[in-house]
Amino acid sequence: MKTLSIDLGPRSYDIHIAPGLLDRAGEEIKKVCPKAKRLAIVTDANVEPLYSARVEDSLEAAGFDTGLFTGPAGEGAKCATHLAALWEAMMEFGLTRTDAVVALGGGVVGDLAGFAAATILRGVDFIQIPTTLLAQVDSSVGGKVAIDLAHGKNLAGAFWQPKVVLMDPETLNTLDDKTFSDGMAEVVKYGCISDREFFDFLVSHPSRPEIMANIEHVLYTCCDIKRSVVEEDERDTGRRMILNFGHTIGHAYELAGHYEEWTHGQAVAAGMCAALRLGLDLGVMDSDDGIQALTDLLKALGLPTQIDCPWETLVKAIGLDKKSEGSDITMIFLKKMGQALPTKMSKDAVLKHLQAIYGR
Ligand code: GLY
């Protein structure tokens, strides 16, 4: 088993990575929640038939009473209506303040279950068992939990760190190729922002079988980069912004496709390419070394490197971006491949340069 420890003082926790870990979830949770009697397992309709019985068996073998709360699959589940239903169901189950919530699934399940855990009874312990690549390398680590509002994604939320994160790479075997490559966009992002050697490793392993043959190394490296960023900036007021490389323009693509045409990873992939072109155009990037390699890598992984987007949507997304403050925005560029460079600039300047790139 590979283990990473996130040092956040009283909110510190471990991330364990091991094949077959689902069957040992009970013993691992017992170590971090010794007082808990009841565990509310939150999952979705896709994951439940695949993995819930194994997790329930393991938790019950460790002496816990379990309740299973299965919501619909998809982003639509991350809403106030489902959250309220979950709160009521947890009360019906008899959850108390010393009990805990277990998120079993992808990012939507983790965000919803985590926000329920952060708010029910003014906060109970929370365990992440992420089953998608995106959730394993990104959303299950770092404590961001949220639901969506009509005004936008993740607008009601909290920072609520898990007690432990249990990653079983074997759960990735049941993902379809599109969902796997969705997570690969975030994997590639880590190489771009922080680790040239890891980027080069990905360039020389540009397919799902090659990644799966090295999956523990890939998960560990991504989580280790996220660990260092979150330890420095848990509340996302500074360095954590580098995790949003490709996301500002990516959000425009998601918005343009009404969150249906493009997955998050697809939008981030094309967003990273656009951010690189913009960084080069602005002269913040030292050289174009790595840009062609990134484009080739993303293509090999089945991800888009360019997405058409109405100009008005780009303007709207830049205005709505969470990194925007008044007339300025912090854009995440790369100084060079493997090194992120947050750059505060006026939104007008971003749009002017984007306009030149888009030829409008
Ligand atoms: N997914 C970005 C972050 O955790 O800050």
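We count ligands from 1, going down the list as the structure has it; atoms in each ligand are counted the same way. In this text the structure is predicted, and so the values were computed from the model without any measurement.
The closest approach between Lys226 and ligand 1 falls below 4.0 Å for a heavy atom of the residue.
No N or O atom of Asp236 sits closer than 3.5 Å to an N or O atom of ligand 1.
Within a 6.0 Å radius of CD in Glu210, more than 12 heavy atoms belonging to other residues, nucleotides or ligands are found.
Note that NE2 of His264 and CG of Asp138 are 6.5 Å apart. Values are rounded to the nearest 0.5 Å.
Residue contacts with ligand 1 for Asp138 involve side-chain atoms from C-beta outward but no N, CA, C or O (heavy atoms, distance under 4.0 Å).
Close contacts between ligand 1 and Leu243 involve ligand atoms 3 (C), 5 (O) [criterion: under 4.0 Å to a heavy atom].
Cluster partners of Leu166 are Met1, Leu21, Leu22, Ile29, Val32, Leu39, Ile41, Val47, Leu50, Tyr51, Val55, Leu59, Phe64, Leu68, Val102, Leu104, Ile127, Ile129, Val164, counting Ile, Leu, Val, Met, Phe, Trp and Tyr whose side-chain heavy atoms approach within less than 4.5 Å, directly or via other members.
Remark: the Thr179 side chain and the Asp176 side chain contain an N/O donor-acceptor pair separated by less than 3.5 Å.
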